[in-house]
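The structure appears right after this line, and notes come after that.
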Amino acid sequence: MAVLEPTDPIWAAVVSGLRDQWYAICVSSEVDDKPVGLTRLGERLVVWRDSAGAVRALEDRCPHRGASLSLGSVQGDCIACGYHGVQVRGDGTVASVPALEHAGLEGRALVRTYPIIEHNQTIYAWFGSDKGTPPGALDLPSELSEPEWDGFQCSATWQCHYLYAFDNLVDPMHGSYLHAQSHTLSGGASQDRMVLEDIDGGFNIARASGQRGMNFDSGDFLFSGIDWIRIDVPYPHSAGPGGPFRIIGYVTPIDESACVVFFYRLRRVEGWARNMWRFLYKTSLEGRHWHVLEQDRIMLEAIPSDARYHENLYQHDIGVSRLRHVLHSRMRDRLSAQA
Ligand code: FES
Ligand SMILES: [Fe+2]
């Protein structure tokens with residue numbers, strides 16, 4: 001695919017993050033009894049739990065004079081602004097204006113709401129292209145519901161464009177170089193070719209030699225209401241029972257210079273093997289995984305923001321190229337449907 005100019009309107013829309021789909025916005029443990037302020041896709045959200053424990057998300061803007069609701073407090077099913085106490089329900093309507101009797105704001109829907117789904121340690125929000133767009137279906141990776149899989153969700157903020165993080169995940173060959181000294185990605189050939197294959201719901205990028213189970217040898221990119229990747233990484237014997245280590249990953253833009261990455265770290269383990277996996281993860285494996293992820297973060301954060309206009313892609317970049325093509329096509333189709 002030709003590199004598009006920065007003025008291409010479709011590409012500009014892709015760069016700011018595709019709307020009309022779901023995104024992971026944070027892990028469940030980040031939201032307890034206090035409001036949390038988040039920026040995702042350039043939009044400011046306040047997220048909290050109501051009295052039943054359900055996660056609610058609103059635009060982080062008080063309907064009175066625009067203060068950040070995330071600086072307020074949770075009052076039952078409402079969030080109370082810290083400035084003058086205006087209370088807003090999870091559906092965006094003003095519940096009360098305590099400082100004034102019979103205020104006209106009461107009962108009016110004045111704050112944008114974000115549909116929310118919480119599942120398996122993760123909170124997802126729907127980002128519609130306008131306020132009235134009803135949320136679409138969200139088909140989460142089956143591993144997140146199947147009882148034989150067990151794992152941990154982790155997230156990190158990276159100071160790089162979200163597309164760099166996705167590029168990195170459809171680029172298996174970097175495993176043999178950037179992570180050559182790691183506990184999981186030191187094996188296999190350091191020279192190969194790549195092959196692309198269409199699969200149900202997305203595409204697969206893999207080593208053409210057929211090498212598997214030695215390195216980051218293959219990865220799936222899928223879109224099912226949310227964009228996600230699936231990668232299996234070999235584990236050494238010292239990592240205990242459960243076979244390869246499966247990563248399910250999401251990337252959510254914060255703005256055009258930062259993103260949040262989410263990586264489920266999963267293993268097919270049950271019974272005593274599950275207990276051993278969880279023990280080993282907490283005592284030794286988690287630290288090693290963060291070490292590998294830091295190698296990615298440091299490399300991606302140092303790539304300049306205009307890199308895509310100066311790059312010279314080669315055969316290994318067919319995954320990067322396909323990813324851009326897929327995102328561009330989806331955005332083009334959405335824009336023409338809206339027109
Ligand atoms: S700005 Fe929020 S109550 Fe006044
Ligand atoms: Fe990596």
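The first residue of the sequence shown is numbered 1, and numbering continues consecutively from there. Order of listing sets the numbers, starting from 1, for every ligand and every atom in it.
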Should [X] and [Y] count as an ion pair when the cut-off is N to O under 4.0 Å?
| X | Y | value |
| --- | --- | --- |
| D198 | R322 | yes |
| R207 | D217 | yes |
| E146 | R246 | no |

Set of residues that line ligand 1, where lining means a heavy atom lies under 4.0 Å from it =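 Close residues (ligand 1, cut-off 4.0 Å): C62, H64, R65, A67, C81, Y83, H84, G85, V86.
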Pi-cation contact, Y23 with R40 (under 6.0 Å, within 45°) =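 Ring-cation test returns no.
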R265 NZ/CZ over F263 ring centroid, <6.0 Å and within 45° of normal |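 The answer is no; the distance or angle limit is not met.
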Hey, mind stepping through E143 and Y264 against side chain to side chain donor-acceptor pair (under 3.5 Å) and telling me if it holds?
-> CA-CA 10 Å; E143 296 90 333; Y264 277 102; over 6 Å; no
Return the name of the atom in H174, of element N, O or S, nearest to the Fe ion (ligand 2).
->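 Looking only at N, O and S atoms of H174, the one nearest the Fe ion (ligand 2) is named NE2.
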State the atom name: nearest N, O or S atom of D296 to the Fe ion (ligand 2).
->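 Closest N, O or S atom of D296 to the Fe ion (ligand 2): OD1.
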Answer with yes or no after comparing the ring centroid distance for H179 and F216 against a 6.0 Å cut-off, counting only values under it.
->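 H179 vs F216: aromatic centres not under 6.0 Å.
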